[in-house]
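No experiment lies behind these values; they were computed from the predicted model shown. Just so we're on the same page: letters track the sequence lines, and every chain starts at 1.
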Amino acid sequence: MTKRSKAGENFVLFPLGRKRFALCAEQVSELSRPREHGEEEQQTFPHTTRFLTGVLLRRNQIVPVADIAPALIGPEVPERKFYLIVHLSDRSKVTRAAVPVTGECELAEAERLPANGKLPPYVSGLLSLNDEIVEVLDLERLMAAEVRA
Amino acid sequence: MSVHRSSDNERFRRRAGETVILFSVGGAKFAIAASAVDEIRDLAGLQKLVLGTLGQKFAKVKQMLERQGQRYFVVDACEHFHLAMARPTRLLVLRHAPAAVTVNAIDCMLELNAMQALPRAFSGEERDWYRGLALINGRVIPVVRPEAFLSKAEVILIEASLRGREAGARAVAGA
């Protein structure tokens, strides 16, 4: 299913390796640089949820880290340099997650074009930016697909 | 003892000074309510347990302990949490059921003032394993749910299996 195109939406563009992806800007609350020690260092504990790699302690709140890069571009992913802090909807409740990305992000206003049927269901639209086509991600769908995989 | 307090009342549920025991298993740290633990002891007296057809279902239960005239079934915490095998040194005897857990080490006992619910993004077995997450000296430590190691119903199942095997063995010996 594709969402209806809208003109003039704001998107956050983020790189994963050589490719860029987009999220609706309203879904992204912050961009954060990971630290190796202290607050915002990624911490882990045993669990079995596949796409989660740990948690961040951010302003005294525990934020799960959802590493979607291997699902999108395969196992060869460059070092993640930043976290996008995003809102996820889960059965009418909103929860937060930190998505590691490999480079700096960009805010762009663009028209969302409908995704064609050949794209994975977690691609909710396409952005045509100069000579680049960027996939707009439906994070909830992506993570649900990853859980089922 | 140093316990971090959250300034965010919505996120962290304040608790009236619950005492917890910090322990480690396969390099990971956990907390368990002190009130859930009957005794911390060494591994002396553990006996091998063979569960027959139930063995696959209860692969994490390989040993038992005779204590005060009762059988306690011993859960290997590494298997429970799917961690790499490690050499246990201590046994936590649990209070809710005749069950015990082997752990690598006991770190300390401290008072917990706040606990956060496991974020909803976690959707696997951990939802059963943990009551929540505690923030202790800047580290996020899962607080385990003792019943997840071995529930009363599971203990009854294991007991019934053992009684069946013992009756079978007696019948063979008597024949």
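- Linking Ile, Leu, Val, Met, Phe, Trp and Tyr whenever their side-chain heavy atoms come within less than 4.5 Å puts B/Phe149 and B/Leu49 in one cluster.
- Linking Ile, Leu, Val, Met, Phe, Trp and Tyr residues whenever their side-chain heavy atoms come within less than 4.5 Å leaves B/Val74 and B/Phe58 in two separate clusters.
- Within the model, atoms CG of B/Leu118 and OG1 of A/Thr49 stand 8.0 Å from one another, a figure rounded to the nearest 0.5 Å.
- Between B/Phe81 and A/Phe45, the ring center distance fails the sub-6.0 Å criterion.
- For A/Glu132, the CD atom counts as densely surrounded, since its 6.0 Å shell holds more than 12 non-hydrogen atoms of other residues, nucleotides or ligands.
- At a threshold of 4.5 Å between non-hydrogen side-chain atoms, the residues B/Arg139 and A/Gln43 count as touching.
- Your options are A/Thr48, A/Leu52, A/Thr44, and the one with the most heavy-atom pairs under 4.5 Å with chain B is A/Thr48.
- Cluster membership check: B/Met109 does not share its hydrophobic cluster with B/Val93, using side-chain heavy-atom separations under 4.5 Å among Ile, Leu, Val, Met, Phe, Trp and Tyr.
- Residues A/Leu72 and A/Leu13 are members of separate hydrophobic clusters, defined by side-chain heavy-atom contacts under 4.5 angstrom among Ile, Leu, Val, Met, Phe, Trp and Tyr.
- In this structure, B/Pro119 and A/Val63 have side chains that are not in contact, with every pair of non-hydrogen atoms separated by 4.5 Å or more.
- Crowding of B/Glu39 atom CD: a count of heavy atoms from other residues, nucleotides or ligands under 6.0 Å exceeding 12.
- One distance of note links NE2 of A/His47 with OG of B/Ser123; it measures 10.0 Å at 0.5 Å rounding.
- The environment of B/Gln56 atom CD is sparse: at most 12 non-hydrogen atoms of other residues, nucleotides or ligands sit within 6.0 angstrom.
- Note that the CG atom of B/Leu135 and the CD1 atom of A/Ile62 stand 6.0 Å from one another [nearest 0.5 Å].
- When all heavy atoms are compared, the tightest approach of B/Phe122 to A/Gly54 is CZ-O, 4.2 Å.
- No part of B/Arg127 comes within reach of chain A, as not one of its non-hydrogen atoms sits under 4.5 angstrom from that chain.
- Both the backbone and the side chain of B/Ala121 come within contact range of chain A, with heavy atoms under 4.5 Å apart.
- Within the 4.5 Å cutoff, the side chain of B/Tyr130 has heavy atoms near those of the A/Pro46 side chain.
- In terms of heavy-atom proximity, B/Arg120 sits nearest to A/Thr95 at N-OG1, 4.4 Å.
- Residue A/Glu26 qualifies as open at atom CD: its count of foreign heavy atoms under 6.0 Å is 12 or below.
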